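Here the structure comes first, spelled out in structure tokens, and everything after it is commentary.
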Number of protein chains: 2
Amino acid sequence: MTVQQERTDVPLSKDPDVPEPTGGEPRFKRLSAEDRAGELVRAGLEVLATGGITAFTIYNICKKAGASRGLIGHHFGGKDGLLAACYAAAYAPLLQMLQAGSGTLELPDMIDELFSARHFRRDGLNIWLALWGEIAVNPALQAEHLRHYRAYEAAVTQSITDFARAKGRKVDAATLATTLIALLDGLWLELCIAPGLMSLERARHAVLSLLEPQLGPLP
Amino acid sequence: MTVQQERTDVPLSKDPDVPEPTGGEPRFKRLSAEDRAGELVRAGLEVLATGGITAFTIYNICKKAGASRGLIGHHFGGKDGLLAACYAAAYAPLLQMLQAGSGTLELPDMIDELFSARHFRRDGLNIWLALWGEIAVNPALQAEHLRHYRAYEAAVTQSITDFARAKGRKVDAATLATTLIALLDGLWLELCIAPGLMSLERARHAVLSLLEPQLGPLP
DNA sequence: TTTCCTGTTGAACGGTCATACAACAACTGC
DNA sequence: GCAGTTGTTGTATGACCGTTCAACAGGAAA
């Protein structure tokens with residue numbers, strides 16, 4: 001498999017005749033531990049979106065973050081630590097959106113938000129594809145996933161429950177939530193691996209065709 | 001899970017004092033090109049199911065296949081060639097099932113088959129997770145995927161069209177097929193990354209809750 | 001048996017991988 | 001300014017990676 005890798009690798013001048021290249025230019029920017037960790041996570045997610053899990057290497061990530069290769073070990077203890085942090089960072093926007101404000105998100109608003117251009121984007125969703133493949137075979141990551149997944153499912157179930165009650169409908173909200181989540185995942189998948197055949201509008205229509213027979217028209 | 005193939009691994013004696021270890025024991029089994037290729041694909045799929053795409057290495061696959069590391073290059077031109085072959089091999093049973101017999105599969109039979117223990121199994125589905133992550137970022141594999149996906153979608157659409165006509169229902173079969181496929185993928189995904197929360201029965205129920213409002217009761 | 005075709009081997013090679021770590025330097029508080 | 005803290009660097013290391021290829025050997029045909 002050909003993974004071409006432009007090694008830039010500007011070699012530090014080892015020649016004692018030229019100890020310092022130029023004047024006072026600082027050689028690197030010093031960040032707080034928090035900021036640097038954030039930068040590395042951001043770079044890690046970018047790498048996952050671009051090249052999948054096989055491109056998730058210390059070399060690629062540090063190059064993208066413009067940092068030295070030792071930093072991942074220093075801030076996350078190793079590659080696995082960074083991957084876990086990237087996973088949490090990928091889940092955060094979804095959970096944050098679902099628990100927006102103080103209480104539960106209204107179901108129609110939730111649908112709108114899920115199919116906003118902010119969430120339904122290929123580059124962002126590629127990250128999930130890369131992570132799913134790893135979760136399936138990595139028990140530690142799977143355990144971490146389950147924690148987040150339960151929160152996700154609970155929030156969706158709550159939105160469905162509230163909506164059904166307001167409309168006077170009786171549904172099995174938990175089952176419907178599971179089904180909705182599965183459908184969403186499948187639609188995201190199609191957008192990523194068969195782009196051109198899936199679109200935001202088609203996906204939204206698919207979701208409504210699942211929900212409306214059980215919940216009535218969604219505004 | 002298939003029984004691991006114990007490598008006999010009789011190390012070649014490098015000592016010139018002992019040129020031949022024993023009698024006529026052949027050092028390796030000679031297979032036809034076709035058979036050997038099949039063995040390598042089988043081993044490749046097993047590796048994907050067990051360790052995901054990151055475990056899909058020449059070393060792992062040849063060890064699992066009980067073959068020498070040079071064989072993948074010889075039979076497939078390289079790792080990419082084997083991956084493409086594994087992808088085709090993973091899709092084959094699905095397409096074969098959908099085109100069983102001469103014509104189209106009846107929709108209820110298709111559902112039954114999809115949720116048979118033969119297809120709805122975690123180890124087999126892990127292979128898809130590993131492949132999806134790669135398809136999303138590998139244009140060559142994505143093109144190959146689109147060819148198979150169209151055949152898959154066409155077969156499902158045909159089954160839905162036939163069923164709807166027989167029941168005198170009017171549906172957008174193509175859209176429903178896309179939605180059904182997405183839901184199936186999502187259900188498979190949940191089985192792989194959140195096992196214990198998903199089961200064959202729950203998945204089957206989810207699919208029926210999508211189809212029956214539009215197609216009437218499925219026997 | 002001998003010949004020959006071809007599937008098979010495994011060492012060699014150049015490269016990338018994750019990690020450890022000692023030296024270094026940017027900033028902070030003094 | 002000056003020291004101390006601590007984030008940062010890059011080399012070293014050993015393991016693993018994919019690919020190549022010359023030599024080898026199984027097995028069928030002559």
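Just so it is clear, the model here is predicted, and its values are computed rather than measured. First the proteins, then the strands, lettered A, B, ... as listed; each starts at 1. Reckoned from all heavy atoms, side chains included, excluding hydrogens, waters and symmetry mates.
- Summary of the strand contacts: Y59(B) and S32(B) both lie near DNA chain C, and taking for each the nucleotide with the nearest heavy atom, the more 5' one is attributed to S32(B).
- Nucleic acid contact class of G73(B) (heavy atoms, under 4.0 Å, all strands): none.
- Residue I72(B) contributes atom CD1, which lies 14 Å from atom C1' of dT20(D) at whole-angstrom precision.
- Interatomic distance, NZ of K29(A) versus CD of E39(A), reported as 10.0 Å (0.5 Å rounding).
- Look at CZ on F76(B): it is 13 Å from P on dT19(D), rounded to the nearest Å.
- OP1 or OP2 of dC17(D) lies within a sub-4.0 Å distance of a side-chain N or O belonging to T57(B).
- By the ring pair (Phe, Tyr, Trp, His ring centres under 6.0 Å) test, F76(B) is found to be paired with no residue, residues two or more places apart in sequence or in another chain being considered.
- Remark: C1' of dC17(C) and CZ of F56(B) are 19 Å apart, rounded to the nearest angstrom.
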Look for any protein N or O under 3.5 Å of an N or O in nucleotides 27-30 of chain D and output each such pair with its distance, or none.
none

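- By the 30° and 60° cut-offs, the orientation of the rings of Y87(B) relative to W128(B) is perpendicular.
- Within 6.0 Å of atom NE2 in H205(B), 12 or fewer heavy atoms from other residues, nucleotides or ligands are found, so the atom counts as exposed in its surroundings.
- A salt bridge does not link D35(B) with R42(B): every distance from a Lys NZ or Arg NE/NH1/NH2 to an Asp or Glu carboxylate oxygen is 4.0 Å or more.
- The shortest side-chain heavy-atom distance between I193(A) and L129(A) falls under the 4.5 Å cut-off.
- When rounded to the nearest whole Å, the span between CD1 of I58(A) and P of dA15(D) equals 18 Å.
- Contact annotation for L31(A): backbone-only contact, meaning every heavy-atom pair under 4.0 Å involves sugar-phosphate atoms and none involves a base.
- If you take NZ of K63(B) and P of dG18(D), they are 14 Å apart, rounded to a whole angstrom.
- A salt bridge is defined here as a Lys NZ or Arg NE, NH1 or NH2 lying under 4.0 Å from an Asp or Glu carboxylate O, and E113(A) with R118(A) meets this definition.
- Within 4.0 Å (heavy atoms only), H74(B) reaches at least one base atom of the nucleic acid.
- The nearest whole Å value for the distance from the CG atom in D80(B) to the P atom in dG18(D) is 10 Å.
- Computed from coordinates, the L71(B) CG to dT19(D) P distance equals 14 Å when rounded to whole Å.
- dT20(D) atom C1' lies 13 Å from atom CZ of R69(B), rounded to whole Å.
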